[in-house]
Amino acid sequence: MSEAAHDHSKIGEELMRCRKWIEDALGYSGGTHDFRDVVDGILSGKMQLWAGENGCAVTEIIVYPKQKVLHTFLAGGDMEQILDFQESAAEFGRRNGCSKMTIAGRKGWTKVLKAYDWTETFVVMGKEI
């Protein structure tokens with residue numbers, strides 16, 4: 001088995017282990033993705049999986065005209081586990097030219113992340129049309 005195929009196999013195993021956390025988080029995403037979309041994004045390299053023993057997060061690099069941002073759009077499992085991903089994710093972002101990290105999530109994240117120097121920079125609202 002090639003190294004790339006082996007890596008995909010290992011990532012696939014981690015995705016299946018994290019599936020419940022990912023699907024639970026997707027329940028709050030407003031229907032933008034399903035589990036298969038996340039799997040495809042991670043296997044294609046467009047998204048990144050941060051998997052720990054007790055939780056996981058999914059990020060993607062968003063390229064704006066003036067900057068690159070590492071955006072966390074899914075996280076599930078144990079809160080402490082999720083918070084532990086911050087430093088390695090920030091380092092990954094810096095290595096990939098990102099100047100900021102952002103997160104989309106429920107309002108409660110603002111209180112939790114304040115202790116880690118995160119600030120609320122904008123509010124996203126939605127309406128069915």
Side-chain angles (χ1 to χ4, degrees):
M1 184 182 309
S2 74
E3 185 174 313
H6 178 70
D7 287 346
H8 273 211
S9 174
K10 190 173 187 178
I11 292 169
E13 288 174 18
E14 282 295 278
L15 282 162
M16 294 313 293
R17 187 180 66 78
C18 295
R19 184 175 186 150
K20 178 166 179 12
W21 296 320
I22 292 170
E23 288 183 336
D24 287 350
L26 285 168
Y28 297 98
S29 72
T32 60
H33 299 73
D34 64 20
F35 182 70
R36 184 76 241 169
D37 298 325
V38 173
V39 169
D40 291 345
I42 290 168
L43 293 179
S44 73
K46 182 180 182 291
M47 298 175 190
Q48 303 78 41
L49 175 67
W50 305 90
E53 187 175 326
N54 299 309
C56 68
V58 178
T59 59
E60 63 183 336
I61 294 175
I62 299 175
V63 180
Y64 295 106
K66 304 291 186 205
Q67 62 183 283
K68 288 170 78 174
V69 173
L70 183 64
H71 179 66
T72 304
F73 72 98
L74 291 175
D78 178 71
M79 181 66 68
E80 290 301 317
Q81 178 76 78
I82 295 165
L83 293 171
D84 285 345
F85 298 133
Q86 287 183 87
E87 285 306 312
S88 56
E91 179 56 32
F92 170 83
R94 283 189 288 273
R95 282 194 325 266
N96 284 278
C98 297
S99 58
K100 285 185 183 173
M101 290 174 64
T102 59
I103 184 170
R106 293 177 286 164
K107 186 76 172 163
W109 279 105
T110 58
K111 183 177 179 182
V112 171
L113 292 174
K114 185 176 184 178
Y116 297 90
D117 298 324
W118 287 77
T119 59
E120 187 174 330
T121 55
F122 57 89
V123 175
V124 176
M125 299 173 68
K127 176 180 175 176
E128 297 294 324
I129 56 171

What pairs of donor and acceptor atoms, side-chain ones from residues 66-77 against any protein atom, are under 3.5 angstrom apart with sequence neighbours left out?
residue, atom, partner, partner atom, Å
Gln67, OE1, Ser99, OG, 3.4
Lys68, NZ, Asn96, O, 2.6
His71, ND1, Thr102, OG1, 2.6

Which atom of [X] lies closest to which atom of [Y], heavy atoms considered:
| X | Y | answer |
| --- | --- | --- |
| Leu26 | Asp34 | CD1-C, 3.6 Å |
| Cys56 | Ala51 | CB-CA, 4.1 Å |
| Glu53 | Trp21 | O-CH2, 3.5 Å |

Notebook entry, point to check: Looking at Lys10 and Glu13, does any basic side-chain N land under 4.0 Å from a carboxylate oxygen?
Noted result: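 No, this pair does not count.
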Margin query: With rounding to the nearest 0.5 angstrom, report the CE to CD1 distance, Met101 to Ile61.
Written below: 11.0 Å
Item checked: Atom pair CD (Glu14) and OG (Ser9), whose distance is rounded to the nearest 0.5 Å -> 11.0 Å
Which pairs would a plain distance check flag for residues 39-50, meaning a side-chain donor or acceptor within less than 3.5 Å of a matching protein atom at least two apart in sequence or in another chain?
residue, atom, partner, partner atom, Å
Asp40, OD1, Arg36, NE, 3.0
Asp40, OD1, Arg36, NH2, 2.9
Ser44, OG, Asp40, O, 3.2
Ser44, OG, Gly41, O, 3.0
Ser44, OG, Lys46, N, 3.3
Lys46, NZ, Glu60, OE1, 3.0
Gln48, OE1, Thr59, OG1, 2.7
Gln48, OE1, Glu60, N, 3.4
Trp50, NE1, Thr59, OG1, 2.9

Item checked: same_hphob_cluster(Ile22, Tyr28) at 4.5 Å side-chain heavy-atom cutoff ->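 No; tracing contacts between hydrophobic side chains, which count when under 4.5 Å, never links both residues.
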Margin query: Which residues pass the salt bridge (Lys or Arg N to Asp or Glu O under 4.0 Å) test with Lys20, not counting sequence neighbours?
Written below: Asp24
Notebook entry, point to check: Okay, side chain of Gln81, backbone of Asn54: is any donor-acceptor separation there less than 3.5 Å?
Noted result: yes
